[in-house]
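Presented below is the structure to which this report refers.
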Amino acid sequence: MIVLKSPIEINKRLNSFRERKNTIGFVPTMGALHKGHLSLIKRCKSENDITVCSIFVNPKQFNEAKDLDLYPRPIEKDIILLEQAGVDILFLPGNESIYPASYSQPFLNLNGLDNVMEGLARPGHFSGVAMVIERLFYYINPSKAYFGQKDYQQILVIQQILTQFSLDSELVICEIIRETNGLAMSSRNSRLTDEQLKNAGFLYESLLQLNMDVRTLPLSLAIQNAKKSMSHREGVKIEYLEIADRKTLNALETIDQNSEAIALIAVNYFGVRLLDNLFLS
Ligand code: AMP
């Protein structure tokens, strides 16, 4: 695996692969890798000639300094995992190369996606995501880029940014990888105790129950029931639970068999934010 820190250098290398008609697949991450990240890499490798993974803890997408400080950064372990996974190039830029002193934030049109759910809960978060995506895609210009459904709203933001900046990479949405109790894997889960991890399956269970309830109950009642059952649990503060249209994230009041609905949830569990979602069927 080649490790590159300079954006100019990776851009040059990738151009030489492109000249040889190689397809380039890209998996952007913030490190602290787990099986969810590795599943994206596996898919990327199966669909592209060259697999690039980036690790960059993007300061601009953290709306709380403490969250940025606490973000795990086990870089040596990550490098071993990426080598074992067969990644061709690891892009490991520093802050100053992604955001040099000359960097000025471009106009970003997030199409209202920053005004709902994660956008409301974390002001400035999606502008930060948009900024880093614009930078990373400018240098890497992948044929395809791989993202986990776990961060569903983020995928819509990224699609919007690719459209705004006329970037023609294809986004591939990959399934959520879960622990055996259903908890979606996340780098932040390492901040939970073993006991908390064991009990955190309630989040996915609530989504599965909600998927059943919406068949017989009005959506607002189904949501209310799900919130009630979760809020009794120790350590749980619900930030939001919404049922929305998959393309626009506009909240839905009713659904039928033609609806393309998704339930999205965020809870604070013993001080750790847990996100999950489920396509309703
Ligand atoms: P992060 O390092 O948290 O920025 O995540 C990097 C990529 O991995 C994003 O596209 C995430 O959606 C994806 N990802 C994170 N957790 C999972 C998971 N449990 N299953 C599948 N993909 C995931």
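Counting convention: from 1, in listed order, for ligands and their atoms alike. Keep in mind that the numbers below use all heavy atoms, side chains included, and drop hydrogens, waters and symmetry copies.
- With ligand atoms numbered from 1 in the order given, ligand 1 contributes 16 (N) to contacts under 4.0 Å with heavy atoms of Lys150.
- Here the side chains of Leu219 and Glu253 are not in contact, with every heavy-atom distance at 4.5 Å or above.
- Looking only at heavy atoms of the protein, atom 11 (C) of ligand 1 is closest to Asp151 OD2, 3.1 Å.
- Protein heavy atom nearest atom 21 (C) of ligand 1, with residue, atom name and distance: Glu175 O, 3.4 Å.
- Using a 4.0 Å cut-off to heavy atoms of Pro28, the atoms of ligand 1 that qualify are 6 (C), 7 (C).
- Under a 3.5 Å cut-off, the side chain of Asp78 and the backbone N or O of Ala32 do form a donor-acceptor pair.
- The closest protein non-hydrogen atom to atom 3 (O) of ligand 1 is Tyr71 OH, 3.8 Å.
- A 6.0 Å sphere centred on NZ of Lys144 holds more than 12 heavy atoms belonging to other residues, nucleotides or ligands.
- Remark: minimum distance from atom 10 (O) of ligand 1 to any protein heavy atom is reached at Gly148 N, 3.0 Å.
- Judged purely by distance below 3.5 Å, without hydrogens or angles, the side chains of Thr248 and Asp245 pair a donor atom with an acceptor atom.
- Considering only heavy atoms from C-beta on, Lys150 comes within 4.5 Å of Ser186 through its side chain.
- Sparse packing is recorded around OH of Tyr138, with 12 or fewer heavy atoms of other residues, nucleotides or ligands lying under 6.0 Å away.
- Contact record, Met30 with Ile55: C-CG2, 4.0 Å, taken as the closest heavy-atom pair.
- Distances below 4.0 Å separate heavy atoms of Met185 from the following atoms of ligand 1: 16 (N), 17 (C), 18 (C), 19 (N).
- For Lys60 and Tyr99, the positive end sits near the middle of the six-membered ring, less than 6.0 Å away and at most 45° from its axis.
- With respect to atom 1 (P) of ligand 1, the closest heavy atom belonging to the protein is His37 NE2, 3.7 Å.
- Residue contacts with ligand 1 include His34, since one of its heavy atoms falls under 4.0 Å from the ligand.
- Between Cys174 and ligand 1, a contact under 3.5 Å exists for no N or O pair.
- Annotation for ligand 1: atoms under 4.0 Å from non-hydrogen atoms of Phe147 are 10 (O).
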- Task: Take Phe26 and Phe137 through the ring-ring contact (aromatic ring centres under 6.0 Å, His included) test and state the conclusion after the steps.
- Result: CA-CA 9 Å; Phe26 180 36; Phe137 277 60; 5.7 Å; yes
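- The parts of Met30 lying near ligand 1 are both backbone and side chain, judged by heavy-atom distances below 4.0 Å.
- The shell of residues lying under 4.0 angstrom from ligand 1, judged by heavy atoms, excludes Ala32.
- The Leu40 neighbourhood of ligand 1 comprises atoms 7 (C), 8 (O), 10 (O), 13 (C), 22 (N), with distances under 4.0 Å to a heavy atom of that residue.
- Regarding atom 20 (N) of ligand 1, its nearest protein heavy-atom neighbour is Ile177 N, 2.8 Å.
- When all heavy atoms of Tyr152 and Leu264 are compared, the pair lying nearest together is CB-CD2, 4.1 Å.
- Contacts between Val27 and ligand 1, counted as non-hydrogen atom pairs separated by less than 4.0 Å, are absent for every part of the residue.
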